[in-house]
Amino acid sequence: MQFDTGKLCGAEALVRWQHPERGLVEPDLFIKLAEQAGMITSLTHWILEAAFRHIYTLEQAGRPSPLAVNLSARDLLDPRLAERIRGLFLTWGIDPTHLQFELTESALMDDPGGALATLNQLKALGVQLAVDDFGTGYSSLSYLQRLPADTIKIDQSFVGAMIADQESDTIVRSTIDLGHNLGLHVVAEGVENRDIWNRLATLGCDIAQGYFVSRPIPVEQFDSSWHTTLAA
């Protein structure tokens with residue numbers, strides 16, 4: 001949600017597994033299982049198909065809204081990733097600016113050279129790129145400067161603590177300034193209440209993400225509430 005307008009400006013695609021016997025299985029568990037079983041690439045392909053279909057549906061309804069999709073370190077090592085995404089664009093014909101890929105600092109640093117090559121291929125398709133969980137990894141500023149990124153997302157561990165902890169507040173403020181100085185949009189993750197929202201607005205942050213804006217909801221509900229405006 002944008003700070004300057006208070007309007008929704010997009011969504012992030014989150015995977016949830018509702019098991020018929022175990023109930024809701026947390027992503028932290030089944031994502032690791034998928035990686036260990038060698039199924040993470042198949043899961044990524046399924047998510048990409050669903051994301052393209054959702055964006056296409058919104059565009060056809062005259063209600064386009066950007067959607068962010070997370071990519072793992074293993075995804076970045078897939079030499080066929082960019083070609084597969086190019087094929088999806090040919091199939092669905094969506095506007096590339098309505099799709100954003102998010103990558104964590106740790107994933108980028110597993111193979112910096114390979115990750116940069118893949119990101120450049122994706123950027124050539126016209127999509128938006130975001131560095132997720134910023135501040136928790138080990139990337140250097142020189143590497144960040146080389147990335148074809150459009151956005152950095154400040155990790156929720158700093159955002160959630162910024163009202164009570166001065167050091168966290170300083171980190172958030174410095175990161176916002178750094179992102180803007182590099183010409184990047186800045187998203188704050190983990191915005192849980194009005195106090196955090198107000199503080200981030202004062203610091204000039206661009207976009208908020210967190211339970212204060214909305215909890216994760218089924219895609220059908222997002223389709224009907226995409227125009228929501230945050231109450232004053």
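This structure is a prediction, so every number in the text was calculated from the model and none was measured.
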Inset, instruction - Classify the side-chain pair Asp75/Ser72 by whether it contains a donor and acceptor separated by less than 3.5 Å. - result: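 Checked: Asp75/Ser72 side chains pair up, N/O donor to acceptor below 3.5 Å.
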Minimum heavy-atom distance [X]-[Y], with the two atoms named:
X: Thr118; Y: Leu76; value: OG1-O, 2.9 Å
X: Gly190; Y: Val159; value: O-CG1, 3.9 Å
X: Ala82; Y: Gln121; value: CB-OE1, 3.5 Å
X: Val69; Y: Ala13; value: CG2-CB, 4.3 Å
X: Gln100; Y: Leu129; value: CG-N, 4.3 Å

Legend entry - Among Leu108, Leu147, Asp111, side-chain contact (heavy atoms from CB on, under 4.5 Å) partner for Leu116: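 Option passing the side-chain contact (heavy atoms from CB on, under 4.5 Å) with Leu116: Leu147.
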Inset, instruction - Pick out which of Leu200, Asp155, Val186 makes a side-chain contact (heavy atoms from CB on, under 4.5 Å) with Val172. - result: Leu200
Inset, instruction - Test side chain to side chain contact (heavy atoms under 4.5 Å, CB included) on Phe52 and Thr91 and set out the steps. - result: CA-CA 9 Å; Phe52 272 79; Thr91 298; over 6 Å; no
Verify the neighbour count for atom [atom1] of [X]: are there more than 12 heavy atoms of other residues, nucleotides or ligands below 6.0 Å?
X: His185; atom1: NE2; answer: no
X: Glu167; atom1: CD; answer: no
X: Phe89; atom1: CZ; answer: yes

Inset, instruction - Starting at CG of Leu58, measure out to CZ of Arg53 and round the result to the nearest 0.5 Å. - result: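 Those atoms lie 12.0 Å apart.
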Legend entry - Distance in Å, Leu29 CG paired with Trp17 CH2, rounded so as to fall on 0.5 Å steps: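 Separation between the atoms: 8.0 Å.
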